[in-house]
Amino acid sequence: MIQDTLVRLVADAVAAAAPDLGLDASDLPPPEISRPRQKEHGDWSTNVALVLASRAGKPPRAVAEAVAARLAGADVIRDVEVAGPGFINFFLDRSWLDDALREILSEGDRYGRVPPLGQRVQVEFVSANPTGPLHVGTARNAAIGDSLANLLEAAGFDVEREYYFNDAGRQFDLFGESVEARYLQRFGVPAEVPQDGYQGDYVADIATDIAAEVGDSLVQGDPAERRARMIREAVERTVAGIHRTLERFNVRIDTWFSEVTLHQTGAIDDAVRRLRDAGFAYDSEGAIFFASTRFGDDKDRVLIRSNGAPTYFAADCAYVLDKAGRGFDRLVYVWGADHHGSVKRLEAAAQALGVRATVEVVLYQLVSFLRAGQPAKMSRRAGDFISLDELLDEVGSDAARYTLLTRSSDSPLDFDIELVTRQSMDNPVYYVQYAHARVASLLRMALQEGIVPLSPDDVPIGRLVEDGELELVRKLTEFPEVVALAGEILAPHRLTRYAEEVAAAFHRFYSECRVITEDRALTEARLALATAAKTVVATALSMLGVSAPESMERVDGAQEGDRVGRDVV
RNA sequence: GCGCCGGUAGCUCAGCGGAUAGAGCGGCUGCCUUCUAAGCAGCGGGUCGCAGGUUCGAGUCCUGCCCGGCGCACCA
C-alpha cells in the first residue's frame, strides 16, 4: 500500500538528514503518515519534522526542509511541500489511485481484511441468564459483540465467540421453581409461583411444553428429582430459544458455556485453592475473601460465602482460568455499563491467577427503548417486557443492528422503535443499503446491454477524471485503515460511520456521472468503480451483520413528496 | 462520599495529539422526458461544560470544579 511506500521514503530521508540535524540515526521513531483533512495539504502528509524538531534543537520548518530535500524521487510523488508549522505534504500522481482501485477489484471481498496473525482471541458476549427469552436490553450487547468478533477476524485474529450462561444460583433456582409450579398447575396440583419468581407467560409455555413431552410422570415422583429435572428441561428450552433469536439477529455463537459445569467439575474450588496458594485468599467471618485490593480494587471480594456457597465472582475466577487454559491471547468481555464495578475485580483475579492473556472489557452504555418518544416499559420479572424477537418482528434485524452500532459504545443510545422503522435518513441503514442496491441494479442493466465486467488489469481506469469519481476511489482506499483502527480500539461504530461516508461518495458519483453510456470504455471504467464501491459497502455491512440487498423496491405507489419517511413527523 | 461514562451546531451524535472542528435530522433554495429522488447540489447555524496545566500544537492528554447517566452486596 501507498502508506508503506511513503513511510519507507520518509524514514530514509530522515536517516539521511540525521547527521546534519544532529540526530542519532539509530534511534528514530517510525514516521507517521496521515491523510490531511484539507485537500490543499496534499494527498498524504507527515509530521516527522514537528516531532523531531525539539530533539534536533532546530525550528520545525528547518527540519522539514532538510528532510524534504533528501526525499528520493519516486514516480508516484508529483510534488512535495513544506507547509504550516512544519508539515511535509505529498501530492501524488493519480496512478496511486489507479493502483488502489485495481487492488480493490482484484481482492474483491478480501479487500480490507488482513492475513491471519496466528493469534487467538475470544469474544464473550450476550451471556444473558437463560431464565427466559432474550429481551431487548441485550440487543446492543449482541450487536457489539458479534460485530467486534467480525472486525477482529478481519484484523487477522482467530476468533471464538462464546456465550456464558448462568444456570446456577438463586435467580436460576427461582426460575426452576416457577416452571415447576406452572407444570404442577397443569395437572391440577396446587402450587404457587414463588413471590419473587418469574411470572411471565413464557414460563407457563415452557411448563406446557415440558408437560407435553413427559406427561404427568413428574407430578408424583421425588420433589428434589423433579426440581432438578425441571431446571434441566427449562434451561434446554430457553437456551434453544435464545439460539434461535440470535440466529435471526445474524449473531453467531461458537461455544455455549454453562456456569454449572464450573461447579460440577470442581473448577471453582480449584480457582479458590489457587488464589489461596498464591496468598491472595484468606478466611474472615466464616467466608473466604479474595484480596483484590492488592490489585487496586476498592475492597476485598467474597469468594465463598459463610454459608459455604460460592459467589458469582468465584465462578468468574474459575471461568477466566478456564478461558486462559484454552490458549487465547486476548479475552474480550462485552458488558453493560451497569457492570463496570466488576471490571477491577475481574482484572485483579486474572492477574492473581497468573492469566497471561490480556483481559479487555468493552463497556457499553445502556439503551433506552422508546416508542414515538415515549419510554417503552420493560421489566422482565413482571413478564411485561419487549423481547428481542418482538423488536426483530417490528423493525427487522438489519435496521436494529445498524442502529445499535451507530454510536460509540460510551454513548447512551435512544432507540426509538417507531423511528427505526421509518425509511428515511433518521435511519441511515437504508441510505447505505441503497448504495449497494443501486450498483447491483447498474450491473444487471449493463449485463442486459451485453457489458460484462473486465478483469481488473483491463479496466480503462484512466477514463475516470471527474471529482466525484476520484473522491469515491479515495474514500474506498480508506477501508483497510478503518477496519484496522476499529478492530484495534474495539469500536464497531467506526465502521458504521465509514459505511455512510462511502455511500455518500457513491451517491454523489452516481448523480454526477452517468454510468451506462454510449462510450464503451467510459462505461467500463465507471462500472468497475461502482463495483468496487459495491464490494466495500457489502464487506462493511457484513462486518456489521447487516445484509447488502441486490435491490430495494421503491415504496409503493408513492408520488414525489409522499414517499415514506419524507413527510412523517 | 468513591468509581466508570458522557457534556461538541436548534436536536441526535462523529471526531487515531495536528493545519480552517464534521455528519445526519430540522429550516431555507434549487435538481427527476435519461442507469432506483430511500438520491444530489447549495445556504444558514459553534465561547467543543468551566478554570488551570502539559505540548511546537489540545475538542482530543493531566488536575480541579459544575451538570447528567450508571454503579458501589456474603445479588446475578
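Below, chains carry the letters A, B, ... as their sequence lines are ordered, and counting in each starts from 1.
- A/His507 comes within 4.0 angstrom of sugar-phosphate atoms only, judged by non-hydrogen atoms across all strands, and of no base.
- Here the nucleotide nearest the side chain of A/Asn166, chosen from B/rC74, B/rC40, B/rA76, is B/rA76.
- No contact: A/Ala309 has no heavy atom under 4.0 Å from any strand.
- Checked against B/rU34, B/rC16, B/rC5, the side chain of A/Asp410 finds its nearest nucleotide in B/rC5.
- On a pure distance criterion of 3.5 Å, no polar donor-acceptor pair joins the side chain of A/Asp298 and the base of B/rG3.
- Of the side-chain N and O atoms in A/Arg497, none sit less than 4.0 angstrom from OP1 or OP2 of B/rG22.
- For A/Pro130 against A/Val239, the heavy-atom pair with the smallest separation is CB-CG2, 3.9 Å.
- Between A/Leu413 atom CG and B/rU12 atom P the separation is 13 Å, expressed in whole Å.
- Residue A/His493 places at least one side-chain N or O closer than 4.0 Å to OP1 or OP2 of B/rG15.
- The phosphate of B/rA76 has neither OP1 nor OP2 within less than 4.0 Å of any side-chain N or O from A/Arg170.
- Residue A/Leu485 has its side chain nearest to B/rC16 when only B/rC16, B/rG18, B/rA14 are considered.
- If you find the closest nucleotide of RNA chain B to A/His340 and to A/Tyr510, the one lying nearer the 5' end belongs to A/His340.
- Distance from the side chain of A/Arg494 is smallest to B/rC16 among B/rA19, B/rC35, B/rC16.
- Salt bridge A/Asp269/A/Arg273: absent, no basic N to carboxylate O contact under 4.0 Å.
- Between the CG atom of A/Asp416 and the C1' atom of B/rC13 there is a distance of 16 Å, rounded to whole Å.
- Between A/Ser551 and A/Ser441 the shortest side-chain heavy-atom distance does not fall below 4.5 Å.
- Among the atoms of the strands shown, none is found under 4.0 Å from any heavy atom of A/Glu501.
- The cationic atom of A/Arg438 (NZ for Lys, CZ for Arg) lies less than 6.0 Å from the six-membered ring centre of A/Tyr510 and within 45° of the ring axis.
- Closest of all the heavy-atom pairs between A/Asp283 and A/Arg276 is OD2-NH1, 3.0 Å.
- A/Ser34 comes within 4.0 angstrom of nothing in the nucleic acid, heavy atoms only.
- Distance CG (A/Leu419) to P (B/rG26): 10 Å, rounded to an integer number of Å.
- Across every strand in view, B/rC43 sits in a pair with B/rG27 that passes the Watson-Crick or G-U test at under 3.5 angstrom.
- Between A/Tyr431 and the phosphate of B/rC40, there is a side-chain N or O to OP1/OP2 separation shorter than 4.0 Å.
- In this structure, CD1 of A/Ile33 is placed 15 Å from C1' of B/rC16, rounded to the nearest angstrom.
- Looking at A/Leu413 and A/Arg140, their side chains come closer than 4.5 Å, going by heavy atoms from C-beta outward.
- Within the 4.0 angstrom heavy-atom criterion, no nucleotide atom of any strand lies near A/Phe172.
- A stacked arrangement is assigned to A/Phe87 and the six-membered base ring of B/rA19, with a centre-to-centre distance below 5.5 Å and an interplanar angle below 30°.
- At a cut-off of 3.5 angstrom, counting only N and O atoms as typed in the model, there is a donor on one side and an acceptor on the other between the side-chain of A/Asn89 and the base of B/rA19.
- When the C1' atom of B/rC40 is taken as reference, atom CD of A/Glu471 falls 16 Å away, rounded to whole Å.
- Here the P atom of nucleotide B/rA76 and the CG atom of A/Asp196 are 14 Å apart, to the nearest Å.
- B/rG64 and B/rG71 are spaced 24 Å apart, taking the P atom of each and rounding to whole Å.
- B/rU54 and B/rC62 are spaced 15 Å apart, taking the P atom of each and rounding to whole Å.
- Residue contacts for A/Ala53: at a heavy-atom cut-off of 4.0 Å it reaches no nucleic acid atom on any strand shown.
- For A/Glu40, counting side-chain heavy atoms from C-beta on, the closest listed nucleotide (B/rU20, B/rA21, B/rA76) is B/rU20.
- Residues A/Ile88 and A/Val48 meet the side-chain proximity criterion, which asks for heavy atoms closer than 4.5 Å.
- Looking at A/Leu370 and A/Phe415, their side chains never come closer than 4.5 Å, going by heavy atoms from C-beta outward.
- Close to B/rU55, at under 4.0 Å from its OP1 or OP2, lies no side-chain N or O of A/Ser54.
- Nucleotide B/rG6 forms a pair with B/rC67, judged by Watson-Crick or G-U wobble geometry with both contacts under 3.5 Å.
- Distance from the side chain of A/Arg407 is smallest to B/rC13 among B/rG3, B/rA19, B/rC13.
- Computed from coordinates, the A/Asn427 CG to B/rG26 P distance equals 13 Å when rounded to whole Å.
- Across all strands, A/Pro60 comes closer than 4.0 Å to no nucleic acid atom at all (heavy-atom distances).
- Of the candidates B/rA14, B/rC72, B/rC74, B/rA14 carries the atom nearest the A/Ser411 side chain, counting heavy atoms from C-beta on.
- Comparing B/rA37, B/rA76, B/rG18 against the side chain of A/Arg438 picks out B/rA37 as the nearest.
- Atom CD in A/Gln365 sits roughly 16 Å away from atom P in B/rU12 (whole-Å rounding).
- Residue side chain A/Ser45 reaches the base of B/rA19 through a donor-acceptor N/O pair under 3.5 Å, judged by distance alone.
- For B/rA76, the base is stacked against the aromatic ring of A/His339, per a cut-off of 5.5 Å between centres and 30° between planes.
- Side-chain atoms of A/Arg514 lie closest to B/rC35 of the nucleotides B/rC35, B/rG71, B/rC16.
- Taking every side-chain heavy atom of A/His41 into account, B/rA19 is the closest of B/rA19, B/rA76, B/rC35.
- Heavy atoms of A/Lys299 sit under 4.0 angstrom from primed sugar atoms or phosphate atoms, though from no base atom.
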